[in-house]
Amino acid sequence: MSSATATHDGGSASAAGSSEAPNYLNHQKTIRSWLLTLDHKRIGVLYAVTLATVFLIAGLLAIAVRLELFMPGETIMSNDAYNQTFTMHGIMMVFLFIVPSIPAILGNFVLPMQLGAKDVAFPRLNLASWYVYMIGGALVVTALLVGSVDTGWTFYTPYSSSGSMSVLYMTLAIFIAGFSSIFTGINFIVTIHKMRAPGLTWNRLPLFVWGLYATSIVMVLATPVIGITMILLFLERLLQIGIFDPALGGDPILFQHFFWFYSHPAVYIMILPAFGIISELMTAFSRQRIFGYKAIALSSVAIALLGFLVWGHHMFVSGQSAISGIVFSLITYLIGIPSGIKIFNWVATMYKGSVWLQTPMLYALSFLFLFTIGGLTGIMVGVLAVDVHLHDTYYVVGHFHYVMMGGTVIALLGGMHYWWPKITGKMYNETLGKIGAILIFIGFNATFFPQLILGARGMPRRYATYVEEFTFLHQVSTISSLVLAAGLFLVLGYMVHSLFWGEKATSNPWGAATLEWTMATSPPDPHNFTRTPIVTRGPYDFHLADEVFGPRHVGDGAGDGATSEPALPRETEST
Amino acid sequence: MGNSNGTVWLPEGASTVASEIDWLFYFVTWTSLAIMLLVVGGLIYLAYTYRRRSADDAPQPIKESKLLEISWVVIPTILVLLVFTWGFQGYLKLTVAPPNAYEIQATAFSWGWSFDYPNGASSNNLHVPVDRPVKVNMSSEDVLHSLFIPAFRVKQDVLPDRYSSVWFEATREGEYHLFCSEYCGTQHAEMIATVHVHSQTDFNEWLADAAMDEDIPLPELGERLFGQQGCQQCHSIDGTSGIGPTMQGLYMNDRLLQSGETVTADENYLRQMIIEPTAQVVEGYPAGVMPSYARLSEREINALVAYIKELE
Amino acid sequence: MATQTQETQDVQAHGDGHGHHERLQHHFLSLDQQFGSAKLGMWLFLVTELLLFSGMFVAFAVYLQWYPEAFAVGAEALDWRMGLANTIVLLASSLTVALSIHFIQKGNTKAMITSLSATLGLAVVFLVIKYFEYTDKFANGIFPGEAFNPTGSYAFLDVPNAVQYFSIYYVMTGIHAVHVIVGMGLFAWLIYRALRNHFSPEWYTPVELGGLYWHFVDLIWIFLFPLLYLI
Ligand code: HEA
Ligand code: HEA
Ligand code: CUA
Ligand SMILES: [Cu+2]
């Protein structure tokens, strides 16, 4: 209890120890109990392991892409092999990794806890979503083994409908994996509507919950469209039904409309939960109420809805009419405004706060930097006349890695570090954590900033080889990607290490104020809370969080989770 | 090539629209940089000024400033509306070709380009006169392709069974890259051509020369076509094997086919291979890789055959 | 953010079920909450279904505009009487499903089982009619895609782009038929549970959700019928 002076790495051991209460990790131990679990926390862990594996594979494919591009001409693989490599990289990263990533790992684990619920509304559907995902993943692997998919992740017809038959597996895989998204989306919306603890009004929802809510709306509304698109593409390839193939009277532009009608909103599926994580991190590590709570919450929903009206900005040079180009461009910019509101609010949150630069906060600050670059380059490619030059060049590749890797993945890493003690009950090594975060930040920028320049100078994307004048920038990018990879492997290394040898975590090592920290042990009880919480204040009202910092704010909860275990609320005057 | 200089970000422009687009590009870049500085400056300043000094820090909530919140909605809105207006005016300029433009037909195929000029000339690389609007009408023979000339800042997808077009007015003589920027399979990255911008007199000369098809002897025309049609991308004439077999010494040779038959590579065989390459597939090479060249004229096919016959 | 506890909701009380309805799952606080969740979930699912079909409606609209003549000819080849018969069959089945909910609310399990069985029967009738429609077409070479080769009394379909019409026809009605088959499975399962007396006026969520689903399948057909057969 008395650790105002405690160092933060690993938390002070004093509060830990004591009796071994059963927690969700150790109350059942068999493999079977994991594979048939209905516990949202365990399902989150299943997803974490699966998705880390997918990210590793897809990331290694990216490194192969970079190595091939180290020099013009053939470096390590043939054109065909290259085309298959970037295709698999794109498909795995998008459909199998980043779309499910934050909702399925952290959303599953944290959402019910932040709501004060025992589980999501439909635990069985939740487990089903993981199995459905696994079937989709197995089909992707099949496609990889039986043949060669080299269509790019966008599957443009007629190339995709006239090439290799293994496209059939891939379309089926994406159709099936889509259900996993839909299940998660439905589950989250219902959970948020129906499962909030007493007193947890909409105005008191943590912003991570708002982010997941907005994401779920997009998942439910957009995913069915990629489903039907994939069915039609499947039939086109199998039976030549002539819907998308111009040689048979179909319209390839229609395919692009269908594809982007899903895939643009999908980019907000990827980023909205990341926004949620950043909100949690910025407040927890500034120990300050978030600046503009309502603005941040509602701008997520605004982005989700506006996101359905801009898909045509991927098709400025495809031959759609000039009028639609203009309308799509205008709405595209409008999305910059709610996004800007968020960025500025996050920065302002530090004002008169107490900013603690732990690893998760370093990721949050990196995110602000990287996502702003990503977003502003997005505005650039939204400028009609300029996009004519930049479309399908490395500028676009740079843009989307800044938002996806620099945005979503960085936020995911920040979130993983932040909730790691809660999920595993262990602390990771803080020094290595900081080194990793900095290495990733530097490696990332040095990999992808040169790609922005390459693109503006005219380097087209999806090129297995290139003309001489681009060599230097490609080499910078390739070498830096190895630095980036080293940073990620370091993270993987100390995370795994901490599982076995990490210091025990206390229930609230960061002094955060949301329910999963204040009301639950680390790792949590199988039923999350031993008592159903009753909520009487907002999620970021640190000055009212007496159960964390003690009454009258003489706080002893200096970030070492100095409350008793579990953090039972004290007797205080009620609302 | 003439386009490796320019600024840090952009290759040197060589068309009338380039300066306008570059201006927009830099306007957005500089504005973005200003916004970045604001965000990063604020971030570093606040993170440092309010760094945690003691684990007991107990900050009090602050009052939110309405003025601040309104300003970061209004200022970006003004900025994006500004950029939008310029952006779509530039776009309209790019989409609408001047009526007096010189028209060239382009055909994209996997994996190459063929340009046809009004006087019947045809070429593999694009030749245009300087200081004169040029409109390229395009269509594709198979999948999607896209014509991209970075120095001119233009790009337009090329579709099968449909026409699209792109126009530009080159302002500097020289040679520029022409890339295929829509993914189209194995040799997408090699579907590169060169744009030759000539002075009007040089252009006329080149045009007359290229249109001489009728007069030049068949083998010579064949040699030219062999380069223009992209045959040399897959077939060597020096005995080395590429994507396809070499053409050296092919004529009257015995060829082993995948079907197991052996045939003699006479004129008919060569002709058949060019028109319908899948009909007889040579052992040791993949089927379906070589595109059909049935679209060539009778005279052009004869010319190719005549040329291959000469490659002893 | 919690400063109080609520003894009555103590999780320790769960499991042995005292005070709780036997159908209440452990993570819900009340039957009301559980039912509300299930219903909201079903509605969201139906929204995704709607979007799935709207993709096809968009494709239909686009090609109708591109190839109006071919689509007119295609529609002619469909027998509107069969389509109308199926519309009536489905409308009737929607009624029987509604009745089954009415009956269970009144506690009349037997009548509920009868009307559920009627619904199941009507779904079978629908598929039988569809079967005759399909086989008649197949027999005359009307397949989706490449294999399209109209002969016999359908030879008049040998016009450009009629194949698009039939591709879309087969995809739309095919996916709809899959939904009907899923619905049949659902009703079989509901009847099985009803026979074992699982439902009561207090708790009949699955019946209600099954009904919602079936009304949706019916609704889609109400759109498909005029679009495909009459336009
Ligand atoms: C996480 C994923 C993600 C996110 C969040 C975004 C966000 C945005 N994207 Fe991006 N995008 C992709 C993933 C993403 N994108 C992918 C994968 C592709 C390529 C697909 C492919 O072809 O393979 C792509 C391609 C793409 C294109 C097509 C380019 C082309 O192919 O030619 C366009 C064009 O408009 C675009 C625009 C935008 C815009 C305007 C935003 C906005 O949401 C950004 C908003 C944010 C900001 C603007 C920054 C913060 C704001 C401020 C600091 C305030 C000040 C701002 C102003 C004054 C405007 N994106
Ligand atoms: C989530 C999305 C995502 C992510 C994270 C990445 C990550 C990376 N991408 Fe990729 N990329 C895409 C999505 C993504 N990409 C898409 C959609 C395309 C377009 C495809 C197409 O055109 O069809 C593309 C295309 C693309 C290209 C262009 C290819 C071309 O057009 O020819 C390039 C080239 O440099 C590239 C590089 C990289 C690199 C170096 C990384 C690196 O950041 C990767 C670093 C990762 C690792 C090295 C793995 C290490 C992982 C672990 C150790 C696991 C441990 C786990 C934890 C720490 C939790 N990517
Ligand atoms: Cu042609 Cu790429
Ligand atoms: Cu987009």
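So you know, we letter chains A, B, ... as the sequences are listed, proteins then strands, and number each from 1. No hydrogens, no waters, no symmetry mates; every other heavy atom, side chains included, goes into these values.
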Open item on the list: Between B:T77, B:L33, B:T95, who has the most heavy-atom pairs with chain A when the cutoff is under 4.5 Å?
Closed with: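 Most heavy-atom pairs under 4.5 Å with chain A: B:T77.
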
Task: For chain A, the option from B:M191, B:R162, B:K93, B:E20 that forms the most heavy-atom pairs under 4.5 Å - done: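 Among the listed options, the one with the most contacts to chain A is B:R162.
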
I want to check something: taking the side chain as every heavy atom from C-beta on, are [X] and [Y] in contact at a cut-off of under 4.5 Å?
X      : Y      : value
B:L159 : A:I253 : yes
B:V143 : A:Y156 : no
A:V388 : B:R153 : no
A:Y159 : B:L144 : no
B:W72  : A:I343 : no
B:F25  : A:L390 : yes
A:Y351 : B:I62  : yes
B:R51  : A:L357 : no

Atom pair [atom1] ([X]) and [atom2] ([Y]), whose distance is rounded to the nearest 0.5 Å:
X      : Y      : atom1 : atom2 : value
B:F84  : A:L334 : CZ    : CG    : 9.0 Å
B:L38  : A:F344 : CG    : CZ    : 6.0 Å
B:W9   : A:L454 : CH2   : CG    : 10.0 Å
A:W356 : B:D57  : CH2   : CG    : 11.0 Å
B:T186 : A:D150 : OG1   : CG    : 6.5 Å
A:H391 : B:E182 : NE2   : CD    : 5.5 Å

Given a strict heavy-atom distance threshold of 4.5 Å, which part of [X] is in contact with chain A: side chain, backbone, both, or neither?
X      : answer
B:S32  : both
B:V73  : both
B:Q89  : neither
B:E69  : side chain
B:D142 : backbone
B:T49  : neither
B:I192 : side chain
B:L79  : neither
B:L92  : side chain
B:L94  : side chain

[X] versus [Y], closest heavy-atom pair with distance:
X      : Y      : result
A:Y293 : B:E64  : N-OE2, 4.3 Å
B:Q156 : A:G319 : NE2-N, 3.7 Å
B:P160 : A:P158 : CG-CG, 4.2 Å
B:P59  : A:S286 : CG-O, 4.2 Å
B:C180 : A:P460 : O-CB, 4.4 Å
B:A189 : A:A464 : CB-N, 3.3 Å

TODO: Decide if the gap between the ring center of B:F148 and the ring center of A:H389 is smaller than 6.0 angstrom.
DONE: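 When the ring centroids of B:F148 and A:H389 are compared, they turn out to be within the sub-6.0 Å range.
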
Taking every non-hydrogen pair under 4.5 Å, which of [options] racks up the most with chain B?
options                        : answer
A:D251, A:T332, A:T154         : A:D251
A:D80, A:D387, A:I373          : A:D80
A:M380, A:M459, A:R462         : A:M380
A:I379, A:T393, A:D541, A:V386 : A:V386
A:I341, A:I453, A:V383         : A:I453
A:T151, A:V467, A:T372, A:D245 : A:V467

Between [X] and chain B, with a heavy-atom cut-off of 4.5 Å, which part of the residue counts as in contact: side chain, backbone, both or neither?
X      : value
A:Y395 : side chain
A:F470 : side chain
A:I290 : backbone
A:I337 : side chain

Side-chain donor/acceptor of [X] to backbone N/O of [Y], under 3.5 Å:
X      : Y      : answer
A:N79  : B:Q187 : no
A:R457 : B:V8   : yes
B:K155 : A:V317 : no
A:R289 : B:Q60  : no

Open item on the list: Surrounding OH of B:Y163 (heavy atoms of other residues, nucleotides or ligands, distance under 6.0 Å), is the total greater than 12?
Closed with: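 No, not enclosed.
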
Open item on the list: Can you confirm whether more than 12 heavy atoms, excluding those of A:E468, are under 6.0 Å from its CD atom?
Closed with: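 Atom CD in A:E468 is not packed in, count stays at 12 or less.
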
Task: Counterpart residues, ring-ring contact (aromatic ring centres under 6.0 Å, His included), relative to B:H188 (two or more places apart) - done: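 Counting only residues at least two positions away or on another chain, B:H188 forms a ring-ring contact (aromatic ring centres under 6.0 Å, His included) with A:Y463, B:Y183.
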
Open item on the list: Between A:V355 and B:L46, is the side chain to side chain contact (heavy atoms under 4.5 Å, CB included) condition met? List the steps.
Closed with: CA-CA 8 Å; A:V355 180; B:L46 292 174; over 6 Å; no

Open item on the list: Determine whether B:V40 and A:L368 satisfy the following criterion, side chain to side chain contact (heavy atoms under 4.5 Å, CB included), listing intermediate values before the conclusion.
Closed with: CA-CA 8 Å; B:V40 175; A:L368 293 185; over 6 Å; no

